[in-house]
Visitor: 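Take a look at this one; I'll ask things after.
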Amino acid sequence: MKRIFDLVMAVWVMAVLSIPFVLVAIMVRLSSPGPVLYWSDRVGRYNRIFRMPKFRSMRLGTPAVATHLLSNPEDHLTPIGGFLRKSSLDELPQLWSIFKGDMSFVGPRPALYNQNDLIALRSQCGVDTLVPGLTGWAQVNGRDELPIPQKVALDREYLERQSLLLDIRILCWTALKVIMRTDITH
């Protein structure tokens, strides 16, 4: 049921957002040198690595680490990178990963391939059995502000409570947080 929901919703959202998608791609291309999309190696279900696209918000040559680990993340942003991240428009290409089945609309956010502490803790708690999501229980309960153990505890809580109704609640809460731009630090 969840996969069918993801497919139908991904096709619908891609159709509705096709014009904003093209406009953002043009803005990225015109505002800084380099490709429009950044393909990030991420950890998926059962710790399988997959390539996740995002609109490029960072300059070429930025280290592939979690943004909070950069000494001064703002120095690495493209001219429109801050806007893309605060508006979450950089996440739009992840609809492709949802369509392919590498991601779901709701699940734990996919870890970077080199976030070994997060990957190990998720595996220990069984969270690695979930398909990662565009948004998740941890995202709506603190997003960038949460320490890793607390994120994993929320991911595990989602594992134990997951349902279509909870997914819809998380999606609505996510939309509200994106519109209000809350819990975003970079």
Side-chain angles (χ1 to χ4, degrees), residues 2 5-6 38-55 57-58 62-74 76-77 81-82 84-95 97-98 101-186:
K2 185 168 179 145
F5 175 83
D6 283 341
Y38 172 72
W39 292 85
S40 177
D41 288 338
R42 297 294 178 128
V43 178
R45 187 175 194 192
Y46 302 118
N47 294 329
R48 184 182 58 83
I49 302 295
F50 72 98
R51 307 250 316 145
M52 183 188 80
K54 293 179 87 170
F55 280 123
S57 61
M58 303 296 258
T62 300
V65 297
T67 306
H68 70 276
L69 295 178
L70 294 170
S71 58
N72 193 355
E74 291 75 26
H76 297 279
L77 289 171
L84 292 177
R85 286 173 163 244
K86 288 189 188 293
S87 64
S88 296
L89 289 171
D90 62 324
E91 311 285 349
L92 285 178
Q94 290 171 44
L95 291 168
S97 294
I98 294 170
D102 289 332
M103 288 177 65
S104 178
F105 272 96
V106 179
R109 281 296 292 159
L112 286 164
Y113 71 95
N114 57 5
Q115 287 181 293
N116 297 322
D117 51 348
L118 176 59
I119 296 164
L121 200 50
R122 281 181 171 170
S123 295
Q124 184 180 4
C125 294
V127 173
D128 63 312
T129 62
L130 293 170
V131 175
L134 183 64
T135 186
W137 191 234
Q139 286 2 87
V140 297
N141 284 290
R143 197 171 174 169
D144 296 333
E145 299 296 319
L146 298 175
I148 287 175
Q150 194 173 352
K151 279 183 189 179
V152 174
L154 288 164
D155 291 338
R156 183 169 184 180
E157 184 180 333
Y158 174 76
L159 172 67
E160 295 166 356
R161 294 181 50 207
Q162 64 182 318
S163 69
L164 185 58
L165 190 59
L166 179 59
D167 284 2
I168 291 169
R169 181 177 163 206
I170 291 169
L171 286 169
C172 291
W173 201 353
T174 299
L176 183 62
K177 285 183 170 273
V178 167
I179 290 166
M180 303 289 290
R181 295 184 181 186
T182 56
D183 297 330
I184 301 171
T185 57
H186 305 289

Visitor: For Leu146 and Leu154: C-alpha separation, side-chain torsions, deciding distance, then whether side chain to side chain contact (heavy atoms under 4.5 Å, CB included) applies.
Guide: CA-CA 10 Å; Leu146 298 175; Leu154 288 164; 3.5 Å; yes
Visitor: Where is the tightest heavy-atom contact between Val131 and Pro108, given as atom of each residue plus distance?
Guide: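 Smallest interatomic distance, heavy atoms only, reads O-CD, 3.8 Å.
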Visitor: Quick one: is the NZ or CZ of Arg156 closer than 6.0 Å to the six-membered ring centre of Trp137, and within 45° of its axis?
Guide: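 Judged by the rule, Arg156 and Trp137 form no cation-pi pair.
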Visitor: Is the closest side-chain heavy-atom distance between Asp41 and Leu112 below 4.5 Å?
Guide: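 No, their side chains stay 4.5 Å or more apart.
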Visitor: What are the two closest heavy atoms between Pro93 and Lys54, and how far apart are they?
Guide: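 Nearest heavy atoms, Pro93 then Lys54: CG-C, 3.9 Å.
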Visitor: Evaluate Val140 against Lys177 for side chain to side chain contact (heavy atoms under 4.5 Å, CB included), listing each step before the verdict.
Guide: CA-CA 7 Å; Val140 297; Lys177 285 183 170 273; 4.3 Å; yes
Visitor: Return the minimal non-hydrogen interatomic distance between Ile119 and Ala111, and the atom names on each side.
Guide: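 Closest heavy-atom pair between Ile119 and Ala111: CG1-CB, 4.0 Å.
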Visitor: For the pair Ser163 (side chain) and Leu166 (backbone), establish whether a donor and an acceptor sit closer than 3.5 Å, ignoring hydrogens and angles.
Guide: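 Looks like yes, one N/O pair under 3.5 Å.
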Visitor: Does Thr62 reach the main-chain N or O of Met58 with its side chain, forming a donor-acceptor pair under 3.5 Å?
Guide: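 Not confirmed, Thr62 side chain does not pair with Met58 backbone.
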Visitor: Would you confirm whether Arg109, through its side chain, and Gly136, through its main-chain N or O, come within 3.5 Å as a donor-acceptor pair?
Guide: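 Not at all, since once roles are kept as given, no pair shorter than 3.5 Å links the two residues.
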Visitor: Is it true that Asp102 and Arg42 make a salt bridge, defined as a side-chain N closer than 4.0 Å to a carboxylate O?
Guide: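 Arg42 and Asp102: not salt-bridged.
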Visitor: Out of curiosity, Ser57 OG to Lys86 NZ, how far, rounded to the nearest 0.5 Å?
Guide: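 NZ of Lys86 is found 11.5 Å from OG of Ser57.
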Visitor: As an exercise, state the distance from CD of Gln139 to CH2 of Trp173, rounded to the nearest 0.5 Å.
Guide: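 Between Gln139 CD and Trp173 CH2, I get 12.0 Å after rounding to 0.5 Å.
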Visitor: Just checking, any donor-acceptor pair under 3.5 angstrom between side chains of Tyr158 and Asn141?
Guide: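 There is no such pair (donor and acceptor under 3.5 Å, judged by atom type) between the side chains of Tyr158 and Asn141.
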Visitor: Given Glu157 and Gln162, is the side chain to side chain contact (heavy atoms under 4.5 Å, CB included) satisfied, shown in steps?
Guide: CA-CA 8 Å; Glu157 184 180 333; Gln162 64 182 318; over 6 Å; no
Visitor: Between Leu134 and Glu91, is any pair of side-chain heavy atoms under 4.5 Å apart?
Guide: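 Leu134 vs Glu91: side chains touch.
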Visitor: If we only count heavy atoms from C-beta on, is the Pro53 to Tyr38 side-chain gap below 4.5 Å?
Guide: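 Pro53 does not reach Tyr38 side chain to side chain.
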Visitor: Do the side chains of Ser123 and Asn47 get nearer than 4.5 Å, heavy atoms only?
Guide: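 They are in side-chain contact.
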Visitor: Side-chain contact, heavy-atom cut-off 4.5 Å: Thr129 with Tyr46?
Guide: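 Thr129 reaches Tyr46 side chain to side chain.
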Visitor: Answer yes or no: is there a side-chain heavy-atom contact under 4.5 Å between Ser40 and Arg51?
Guide: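 No - every pair of side-chain heavy atoms lies 4.5 Å or more apart.
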Visitor: Check Asp128, Val152, Asn116 against Leu121 for a side-chain contact (heavy atoms from CB on, under 4.5 Å) and give me the one that passes.
Guide: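 Of the listed options, the one satisfying the test is Val152.
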Visitor: In Å and rounded to the nearest 0.5 Å, what is the OG to CD1 distance from Ser88 to Ile179?
Guide: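 With rounding to 0.5 Å, OG (Ser88) is 10.5 Å from CD1 (Ile179).
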Visitor: Should Lys2 and Val106 be marked as a side chain to side chain contact (heavy atoms under 4.5 Å, CB included) after you check the CA-CA gap, both sets of side-chain angles, and the distance that decides it?
Guide: CA-CA 9 Å; Lys2 185 168 179 145; Val106 179; 4.3 Å; yes
Visitor: Got a second to check how far Gln94's CD is from Ser104's OG, nearest 0.5 Å?
Guide: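 The distance works out to 12.0 Å.
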Visitor: Ignoring hydrogens, what is the shortest heavy-atom contact between Phe50 and Pro132? Give both atom names and the distance.
Guide: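 In terms of heavy atoms, the two residues are closest at CE2-CG, 4.0 Å.
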Visitor: Test Leu84 against every option in Leu89, Leu92, Leu77 by the side-chain contact (heavy atoms from CB on, under 4.5 Å) rule and name the one that passes.
Guide: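 The residue from Leu89, Leu92, Leu77 that satisfies side-chain contact (heavy atoms from CB on, under 4.5 Å) with Leu84 turns out to be Leu89.
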Visitor: Could you tell me the separation between the CG atom of Leu171 and the CG atom of Leu176, rounded to the nearest 0.5 Å?
Guide: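 One gets 12.5 Å once the value is rounded to the nearest 0.5 Å.
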Visitor: Tell me if a side-chain donor or acceptor on Asp6 pairs with a main-chain N or O of Phe105 at a distance below 3.5 Å.
Guide: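 Judged by distance alone, yes, a pair lies under 3.5 Å.
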